[in-house]
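None of these values were measured; they are calculated from a predicted model.
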There are 2 protein chains.
Amino acid sequence: MKPIHHKIVFQPSGRAGTVPAGISVLEAARRLGAGIEATCGGQGTCGKCVVYIESGTFSKYDVISNLDHVSPPHEAERRILEHRALPAYARLACMARVTGDLLVTVPPESQSQKQVVRKSANHRNIALDPAVRIVTLHLSVPNREDGSDRERVLAALAQQAGVTGGVFDYRALRALPDALRAGEGEITATLWNEKVVIHVQPGDESWPLGLAVDIGSTTLAAYLCDLRTGALLTTVSAMNPQVTYGDDIMSRISYAITQPGGRSRLHTLVVAAINELARQAVEGVGRAVEDVADLTLVGNSVMHHLLLDLDPGSLGQLPFLPVIRDAIDVRASDLGLQVNPGARAHVLPLEAGFVGADNVGVLLAEQPHRQDAVTLIIDVGTNGEIVLGNRQRLLCTSAATGPALEGAQITHGMRAAPGAIERVRIDPETLEARFKVIGQASWSDALPPEQLQARGICGSGIIEAVAELLTAGIISESGRFNKALATPRLIRVNGRPAYVIAEAAQTALESPIVITQSDVRAIQLAKAAIYVGARFLMQEFGVAAVDRIVLAGAFGSVIDKERAMIIGMIPDCDLDQVISVGNAAGDGARIALLNREKRREAVHLARWTQHVTPSAEGEFQEQFVAALALPHAYDPFPHLAAALRRSKAMPAASEEAEGAECVPH
Amino acid sequence: MKPIHHKIVFQPSGRAGTVPAGISVLEAARRLGAGIEATCGGQGTCGKCVVYIESGTFSKYDVISNLDHVSPPHEAERRILEHRALPAYARLACMARVTGDLLVTVPPESQSQKQVVRKSANHRNIALDPAVRIVTLHLSVPNREDGSDRERVLAALAQQAGVTGGVFDYRALRALPDALRAGEGEITATLWNEKVVIHVQPGDESWPLGLAVDIGSTTLAAYLCDLRTGALLTTVSAMNPQVTYGDDIMSRISYAITQPGGRSRLHTLVVAAINELARQAVEGVGRAVEDVADLTLVGNSVMHHLLLDLDPGSLGQLPFLPVIRDAIDVRASDLGLQVNPGARAHVLPLEAGFVGADNVGVLLAEQPHRQDAVTLIIDVGTNGEIVLGNRQRLLCTSAATGPALEGAQITHGMRAAPGAIERVRIDPETLEARFKVIGQASWSDALPPEQLQARGICGSGIIEAVAELLTAGIISESGRFNKALATPRLIRVNGRPAYVIAEAAQTALESPIVITQSDVRAIQLAKAAIYVGARFLMQEFGVAAVDRIVLAGAFGSVIDKERAMIIGMIPDCDLDQVISVGNAAGDGARIALLNREKRREAVHLARWTQHVTPSAEGEFQEQFVAALALPHAYDPFPHLAAALRRSKAMPAASEEAEGAECVPH
């Protein structure tokens, strides 16, 4: 009988996989490289391996817990935990045994390798004109002619700040008497859109923060900004906890519309995760969540609908109409977001059914509509979004990339967090590999194995690995392993060929980190979807080649442009004209946070950009199959001539026939 | 040692008093005449005397319970209650013993005399132009050019209903996909102010209801209207549960600002009570609370602030500034009101610190500003509000009446509910009394005693009783009992004189219903406050007499205008020009509910009406003392010459000196 397995996902590392039922959460973390501290070696005595069990039942917007999917705590564990101020869903990883699918958070104090933020957002010059600003007002002693406290403040707002026609948010009104009393007539009013008083505080000590949030299918990123100066204070990221309910947007739609309470659950999960990011971000800079007075949010259309708790059903069927596509300002509290009670959340507009607000963010950040050069912008994510054009015309489309390029559905995949292999080089002569791990300054060949502690491989690492396997001749153009090569790096995993990127001694696991045949197939499927989408837009636009390519992605690490071209994820282009910009969608959200005019530009861009979809299904299939090859079955890549010379020389005879393994597990 | 006593208030009758600790709630109800069914005679076997314990701790906006103030249930009681679907705060009145102050609701099924609504609101002709209307829309099959579901609906709104520039409330947006699906393209949109879609439903079967609410310090009244036709569907009323935290507005302010959580508690209590009234009202007409799509609310300034959860502190100190005095539209859900999630609550404006939105309602209903006649309007309540003027000028002031005229702080006082004595006549020859009880068609002298079952006396009954005592010569102009009279109706209660209105056999109590010397004093204080306020406005306006007097009051029963004048609650006037209009404040709320233009008129009226306060404290005191006399120490009442002839003849020598009893208990 086949043993029962359960799916387990660790946050914040993103390490995920299936493990046999009955093993401890600590053991699962070891096998998957999630890095939990356990000084006593898992004896249940040191109490260091506290984790939070996070999946299943829900309390609106906050605690998410299902202790049913782990074994109940024994007396010894209870004794260790009872005197600490821990939530009810805290467990010792060494004691809790896996009895069902789990989402587990490893809190910072339990992480064996502390979480650091991989990348700050790009430095961009953004003209500062936020939707929220503060005004300090001095109010004289009240007299009967003043009418009311509200009128006193609105009169002061007109006289001292030149704001006429001001109105009070009801919640700010409730806070007004206390602020007047505590401030002895001096208060700071927080003003939204030069009109609505959304918050009042005593004195003049406070200033507002803003949070820009990019909601990816797999990864969430949040940027905390000082709205007075525009400074980016901190960047935080986490997995989207919705991943336990489906890896891609179609499965999220399916869960939301077929499961009772499904939509509400997905909404609640993502809001709770954003709340947690907001808490982390403000704590990191010594502020409180109440100081967050404005938010902007982007995400693909399904993430957008689930954030707003809107039925995503119509996004999944013809004619793919969203419930709303225009920008929307909602009170943050209406969404369950725990920031300032008066804060508004500005959700950027959608372009079309599957080209979302995240792509509008990319356009805001990259400004292709202000350039003459024909630019191809590829936002790599679980839902790939592609734009082509210039100041004359912008076309967009989407590509069902799947999560492989974000490290999911890859044997040792993880998101771009400490411990992730982000860069890979394979020597074409020796077939030996070296790599670089996030959190370490040097490459693996400059460090002793025990210092490496690699835990997995992230999106950028996977792209590089596949490109290097190709140029080293270890895999063919069709992606198949060349099993004739004599190197200890080439091993078999479950009977299928795999290449060892990191040897067991170099990892935090008890096994090597490998790229399997399935992993190569997953990357081929993902990159082919992007390539076909890009070629389709080029055909629509009427160009055989593009002037520039911009590679964007929320998955944390910058993509190596040459290797992205080597695997055929992007069409041929002068490599000097290919740039990799990191999370442009998040940058766009930050731009909209800091500049109100950009919110209007976003609305214009979303309507102006023309959404096109491949019309003939048969043609798409044919192009897709041709695009599975590395880099492509017949499209020329003159700019890669040198790099590809060696792989072209590889004998085709050494390939084996393969069956159904083409679809990743 | 003095035995411990606790305060207990029964809803919906309003019967209240202090009872010794340790007696059962049923016994307390008997002593106070609250009328609880108990077939088994209080043996704990019939299970009919279920009551809800309602005071103390709070769960936001809903259940209000404190089982600590009664003895815990024994096993026998538990067995009786356990199989019924009752809230946790349900108890058997015969088993629960009083151990603290209590607010007890006697649900309809436990009332020995069933609750009926005393009065419908006045019939008034109101032009129908509500803020909310419904539009049925037919949507064609979606296509890609429609952009989004929201745009489809807004386009249909423009084409089919002529509403351009429409916007969607976020909550209505969430309901849109389901409505489109269920209605197969036919939906009914609920539109607020011709602009905001606040609700969508499938098909064309629904129509909106509106609720107008008058929040009195002592009594709440709610009017459920059909917003399609303007019809008044039902009227419901209840005690304001805040009464357990203070009888008048000053004590409510004090509780709100000095007790931790006090303001929030008072807010929560009144919202929960309004929610309960809304439920009762819609259930009575077979509808659901979600059908209530619009609300208007009035109340005095303190009730207004507590409804909005605004700090009422500044209302209690110079310069008596409210936090807000203008009309305010708040989402009903922001206040905790459980009606349609998209519904707005329109709270009418205040005139000044102590002249509230309820008085604006009175002005809307009575329209003194459209008349040449100089009209005096007195809104009798725990906080009396007085207006004088005509189309030239309107003056207003407030009077600290106290709750006596609503039946509180009166020995057998209760609100105008079934069982209340509402009319009283005393034969000046025999000194015998007859009375009329709410819920019975005939006077007491036409009914056998066992059918009467009087439980107490309401405001209108008390005014009549005091007037009749005066004209019968039983009390003097100064309010003192004439103890020389030989009649069994004149008895002693705790050593002080009292007059028997209803003999024990005519009551549901085990004792007679009496008017004591303290009760007469309480009425004198209340009516003097009103009279002085009215005279002050007349002086400010520059008239010695008024052309018309309008008597309004939320306490349920119409005031007998002649007897109100006999006790000197109102100044002398041609009795044909005195009218009693019932709850004009509630009528005003209803007018604003049904007509948007009247909401604008209310804002104008609130600003136009001039608030005046007595300037010289010494003069006020002197006038107040003179006004304590019945009808007045020196002001002439030529229109009452005949009625007062007999009382004037009463010998002053029979009066006793009295001390501190002048202040009601």
ask   = Are the charged groups of B/R344 and B/D169 less than 4.0 angstrom apart, N to O?
value = yes
message = Between A/R599 and A/D294, does any NZ, NE, NH1 or NH2 come within less than 4.0 Å of an OD or OE carboxylate oxygen?
response = yes
ask   = Who among B/D326, B/V141, B/D146 has the most heavy-atom pairs with chain A under 4.5 Å?
value = B/D326
query = Given the options A/L176, A/V330, A/D329, A/L318, which has more heavy-atom pairs under 4.5 Å with chain B than any of the others?
reply = A/V330
Cationic N near anionic O, under 4.0 Å, B/R607 to A/E151 = yes
ask   = What option among A/A352, A/A175, A/P319 has the most heavy-atom pairs under 4.5 Å with chain B?
value = A/P319
inquiry  = Using heavy-atom distances under 4.5 Å, tell me whether A/I328 contacts chain B through its side chain, its backbone, both, or neither.
reply    = side chain
ask   = So which of B/E145, B/H611, B/R325 has the largest heavy-atom pair count under 4.5 angstrom toward chain A?
value = B/R325
note = One option among A/V323, A/N143, A/L310, A/D311 has the most heavy-atom pairs under 4.5 Å with chain B, and it is A/V323
key: Region of B/P177 that comes under 4.5 Å of a non-hydrogen atom in chain A   = side chain
query = Would you say the side-chain atoms of B/R331 and A/Y170 include a donor-acceptor pair closer than 3.5 Å?
reply = no
inquiry  = Counting only non-hydrogen atoms closer than 4.5 Å, does B/H305 touch chain A with its backbone (N, CA, C, O), its side chain (CB onward), both, or neither?
reply    = neither
message = Quick one about A/R265 and A/Y255 (side-chain donor to acceptor, distance below 3.5 Å, no hydrogens or angles considered), yes or no?
response = yes
inquiry  = Within the 3.5 Å criterion, strictly below it, is a donor on A/N340 or A/E290 matched to an acceptor on the partner's side chain?
reply    = no
